[in-house]
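Single-structure report; data block below.
Keep in mind that the numbers below use all heavy atoms, side chains included, and drop hydrogens, waters and symmetry copies.
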Amino acid sequence: MEFRVLGPTEVTDGGRSLAIGGPKPRAALAALLLEANRIISVEGLVDAVWGEQPPPSAVNALQTYVSRLRRVLGADTLCRHPAGYRLVAEPDMIDARRFERLLTEARAALAAGDPSAGHRAAEQALALWRGPALLDVTDAPFAQAEIARLGELRLVAAETRVEAMLALGDVTGGVAAARALVADHPLRERGVAHLMLALYRDGRQSEALATYHEARRLLVDGFGLDPGDELAALAQAILRQDPELLTAPPPVTVAPVGPATPPTAGSVRSRLVLPLDRFVGRDRELAGIRRQLTTYRLVTLTGPGGSGKTRLAREVCRRLPQPVYVVELAGLHDAGLLEATVAQAFGLAVLSDLDAVAATVGDAEVLLLLDNCEHLTGALADVVLRLLTDLPGLRVLATSQRPLGVGGERRFPVPPLPVDTMAVELFLDRAGAVAPDWTCGPEEHEVVTRICARLDGLPLAVELAAAQMAVLSPAQILDRLGRSLAITGTRPDLPERHRSLERTIDNSYRLLDGTQRDLFARLSVFADTFDLDAAETVAGADADVLTPLTGLITGSLVATTGAGAAPRRYRMLEILRAYADRLLGPVDRERLRHRHLDWALGLARAADRGLRGPDALRWYRTLGAEQANTRAALAFALAADQPLAGMRLATDLSWFWYHRGHLREGIRWLRDTIDATPGAPPVDRARALTALASLLYLAGRLEESGTANRAALDLALTADDPAPVARAYIYEAYYLAMRGRAEEAAAAGENGVRHARRSGADWLLSEALSTNGYLARARGDLETAAATLDEAIRVGTGIGYRWSVSSSHWFRAKVAADAGAADEAYRAALTAARGLDDLEDVTGWLAALHLLAGTLGMTGRATDGAVLLGAVAGIGGRAGYSPELMDPYDSPREIAAVTAPLSPAAYAEAREVGLTMDREAVRAFLHRLTEGGPSA
C-alpha cells in the first residue's frame, strides 16, 4: 500500500487507486499521514477537518469518515486507540517520506563525487510529485507548515537535479531544466546561478550575463536589494571566462560521429526531440512505464493514432538516466532499410548493420526508442529480437498501434486522458497558446468538458480542437464536432499524419485487412461497450468475428474493458465509432440497426425471466452494462416505425428500471411506446401498462398508477393468458388496499393468486402470495398475514427469487410491528435490507432501510434510526426515489417511531450524519449495529 500527499491525497494498492471519499475524509487522512505512527486525538482530527467552528455533528461524522477509511486501509493500518487514532505506515509507504530519503541520497551522492547516482536519485524524487503538496487541504491551517516545507524541498530537489546534469555534462538538459526553474522562481538565486553556469558551458556567455542582469533588475526594482556575493562572483567569473567554470566532462549529447570514428558505448546519444509546449499529466503512466522498463527489456506503448504514445515515450526517455537512442519510423516504408536506420541512430555509418551495432554497444546499459512502428511490426520483430539477444544491456521502448509480437514483449496500452481533469487541462493549456486573452469561465468550462468528452480525451483530438480557439468559441467548436470530425491543425511542426483527426484515423484504418475493415464498420452500431456474443449476433453476419476482432484490438481500434470481467467487454472510442459509422451505406446501416434491435429484444426477454431467479445479480449487472445499447435500440424502434418492438423492449426492461431506481427513464420510454402502439395486441399492451403502473407507484404517483393498471387489467382479461391477468390483479389489489378499500382489495388479491397458480410461474405466485399477506395485514388478520407471507417466502426461496423473498420479509416486519413484536420486526427488516443489498437493489433496499429505521426507534435505538433515515434521504435523493412517497400508509409511523423519543436538535444532528453516507457506509453502519462493535 502507498500513501500519496505530493499532489492530491491518494492511496494505492498494487497500482490501483483506492476510494477514500470526498474532501473531508481526505482531510482526515492527510492529517493522519502528517502524524503517521503517532496518535491523533478525535478533537485534533475534528480541528483538522472543520477548523475552529466544527458543526454539532462533527464527531459523529468524523467517526463515519474514519470508519470508511478503516475499511479501505485495514484496521491494522488505521488503528483505533482510547486517545484517538493512529495511522501505521513505514516511511517508504508515504511518498513525501520517500521523497525526502531520495533527496538526501541525491545530495550525498553529489557530495561524494557520484553525479550519476545523484541524478538518478533526484529524478526519482521529483517523479513522485503529482502537483502541489497536500493539494486537497491547501487552505487548512494544520497543513500550512508542511506544505511550505515540502515545497521548499521540491525546489531543492529540482536544483540538485540541475547540479547533477551539469556534473554529468548534460548541458542542453541543464539549460532547459534551469530555465524552467528560473521562470517559476525568478528571485531564487541558486536557480539563477545554475542557469548562468549552464548557459556559459553551452557557449552562450552573453545569455548567461543577461540572465544575471535580469535577476539583478528584479531584485533592485522589487526589494531595493543587490544580488548576493556568490551570484555576483559567478557573473564576474563568466565575464573573464574563468577556465574553472568548464571543469565538467564533455557533454553526452553530441552530434553523431562519422564512419571513420565509430562510437564507444555511451559516447553518443541520439537527439531526443521534445515539443516546446508543456507536457500535461500522465504521472501514473510515466511511473508505470518506468517500472515496466525496470523489469522487462521490451515495452511497447500501444493505442490508437493520436493517443499520445510518442509524447509519452519521449517524456519517459527524458527522465531516464541511461543513454537513449531514437529511431523515428513514421517516414520509413522500406523494411529493407530497417537495420541501417537503427545503426544510424547509434551514430554508425550509412548502411551499417546490426552486427556493427552489437560491436559498438557491447554490454552497455542503453535504451532504444522505436517510434511509430505499426506499419513495420513484422520486420521489426526480427530486428528487435536480434538486438535484445546480442545486447544484454539493451532495453527497447516502442510506440505502435499494435504490439511487435516478440517473445517477452510487455504491452502498455496508453489510455485516453481523463476527461474532467487532464483532458480539460490540456485543452486550456493549448488554447492559451492561440488565444492568450481568453479566460475560461464556469459556463465555458462546462462546454470545454463536453468537447473533451466528445473527443474521448484523445490527446491529439483535444489539441486540434483547442487550436480552433484562435477563431472559434468553445460553443462553436462543440457544435462543429456534433456535425463532423473534420478538425484540423495548422502548426507546421506537426507531422502530416497528425494535422487532422480524420487523417490520423485514416492511417490506422489503412493498416486493416478486408475482414477487419468490414467488422470495424459494423461494430459502430453499438452505442457503448459490447461482448463477443453481441458482436457475433449483431455484426457477425454469419461470419467469423473473433479473428478480425482480435486484429482490431491488437490494432488499437477496439479496446477491452475490465480485464477481470466475465465475459470480457469491448468498446470503440466515440470518434472511432463515428468514423466507422460513415463507412456504412444507408442499407447496411438500417439492416444492422434492425439486427441490433432484435438482439436487444432477445437480451431483455431473457433478462426479464432471469431477474426472477437465482441468477438475478448477473442479469442486473448485464443490463447495467448494456444500458446505452438498450437506449439506442429503444430510440431506433420509435424512429424506425417499430413501436411494438419498442414497447416489448421497454416492458422487459421495466423490472430492471424498477429495482435500479431509473423511474423517470422507464416511465418516459413506456409512455412513448404505449402512446405509439394504440393497436397493439392486448397481452403486450396489458404487460406494458402494468409495467408503467409499477414505476408510477414507486414514484409516488398512486392515482396515475391505479389508472394505468386498471386499463391493463381490462385488456388482460380479454386475452387467454393468465400471467398478465395475475400481475394486473396483484397491482390492483395493492392499489385498492392503499386506498382503504379492503374488501375489493381482498377479492383482487385472491384473483391474483388464482391466475398465478394457473400460469404455472412460481415467481408470479410468490409475488401474489406476498401481496395477499400484505392485504391480510391491512385487514388486521395478522395470523393469516404471517402464514401467507411464510408461504410466499417458501415458494420464492424454492426458485431462488431473492427479491420476492426479501419483499415478503419486508411485509413480515410490518406484521410484527403491528403485533407489537418490535424485536421480531427489527430482525425481519434487517433480513429484507440485507437480501436486497446482496442484489444491489436500490429502491427496495431503501424502502427496507426506511422500515428498519422505524424498528430501531421501536426497539429503543432512535438515534441509530435517525442516522438511517438520513442515509435513506441522501441516497434516495440522489437516485430520485423516496420511500415516503411510495409508502404513505406506513412511512409516517416509521418516522414517528424515530422522532418521538428524540429532541428536534438530536434528531437533526443524527440525521445529518446519515446524509453524508454512501452505500458502503450504510453497510458498515448495519454491521456495527448487529455486531455491537465500536462506532469507528
Side-chain angles (χ1 to χ4, degrees), residues 103 106-123 125-126 151-255 266-269 271-274 276 278 318-319 321 323:
L103 177 55
R107 300 300 299 163
L110 279 180
D114 188 354
S116 180
H119 180 268
R120 185 165 52 251
E123 283 276 357
L126 290 168
E152 174 64 20
L153 290 179
R154 185 182 190 182
L155 289 175
V156 172
E159 291 163 347
T160 301
R161 174 173 169 264
V162 175
E163 287 180 35
M165 295 170 79
L166 294 178
L168 288 168
D170 185 1
V171 175
T172 303
V175 169
R179 195 182 294 282
L181 269 174
V182 172
D184 290 337
H185 304 278
L187 299 178
R188 194 172 174 90
E189 293 191 19
R190 189 177 179 195
V192 173
H194 289 337
L195 178 56
M196 291 168 60
L197 183 59
L199 288 167
Y200 180 75
R201 290 183 178 179
D202 200 34
R204 298 150 73 178
Q205 180 182 7
S206 60
E207 288 185 54
L209 292 171
T211 299
Y212 170 78
H213 289 299
E214 175 61 13
R216 184 179 185 280
R217 183 188 66 78
L218 290 172
L219 285 166
V220 171
D221 291 349
F223 303 95
L225 298 174
D226 284 319
D229 293 341
E230 291 183 4
L231 198 63
L234 176 60
Q236 288 297 321
I238 290 173
L239 192 61
R240 64 174 182 269
Q241 299 185 3
D242 190 334
E244 290 185 6
L245 297 178
L246 301 174
T247 54
V252 297
T253 309
V254 298
S267 68
V268 176
R269 180 172 171 147
R271 183 177 296 277
L272 184 63
V273 178
L274 293 170
L276 297 179
R278 185 168 70 90
R318 184 183 72 81
R319 302 182 183 201

Closest non-hydrogen atom pair between R161 and L126, with its separation = CD-CD1, 3.5 Å

Shortest non-hydrogen separation from R216 to P227 and the atoms involved = CG-CD, 3.5 Å

remark   = Rounding to 0.5 Å, atoms CD (Q236) and CG (L209) come to a distance of 9.0 Å

request  = Begin from the C-alpha positions of R179 and L199 and carry the test side chain to side chain contact (heavy atoms under 4.5 Å, CB included) through to its verdict.
outcome  = CA-CA 10 Å; R179 195 182 294 282; L199 288 167; 3.5 Å; yes

note = Output for pair (H119 NE2, L168 CG), nearest 0.5 Å, gives 6.5 Å

request  = Grab the two heavy atoms, one from A164 and one from G118, that are nearest each other, plus how far apart they are.
outcome  = CB-C, 4.2 Å

inquiry  = Testing L231, L181, L187, L234 one by one against V192 for a side-chain contact (heavy atoms from CB on, under 4.5 Å), which residue passes?
reply    = L231

task = Can you see which heavy atom on L166 is nearest to which on A198, and at what distance?
result = CD2-CB, 3.7 Å

request  = Working to the nearest 0.5 Å, report the span between OG1 of T160 and NE2 of H194.
outcome  = 7.0 Å

task = Of all the heavy-atom pairs spanning A208 and Y200, show the shortest one and how long it is.
result = CB-N, 4.0 Å

message = Tell me whether E123 is salt-bridged to R318, with the criterion being a basic N under 4.0 Å from an acidic carboxylate O.
response = no

inquiry  = If I take atom CD from residue E159 and atom CG from residue L155, how far apart are they, to the nearest 0.5 angstrom?
reply    = 6.0 Å

message = For a side chain to side chain contact (heavy atoms under 4.5 Å, CB included) check, start with the C-alpha distance between E163 and R190, then their side-chain angles and the critical distance, and finish with the verdict.
response = CA-CA 10 Å; E163 287 180 35; R190 189 177 179 195; 2.4 Å; yes

request  = Please report the closest heavy-atom contact between R204 and V175, naming both atoms and the distance.
outcome  = NH1-CG1, 3.8 Å

Separation of D202 CG from L197 CG (nearest 0.5 Å) = 11.0 Å

ask   = Does the side chain to side chain contact (heavy atoms under 4.5 Å, CB included) test come out yes or no for E214 and V182, once each step is laid out?
value = CA-CA 11 Å; E214 175 61 13; V182 172; over 6 Å; no

message = Could you measure the distance from the CD atom of E207 to the CG atom of L195? Nearest 0.5 Å is fine.
response = 8.5 Å

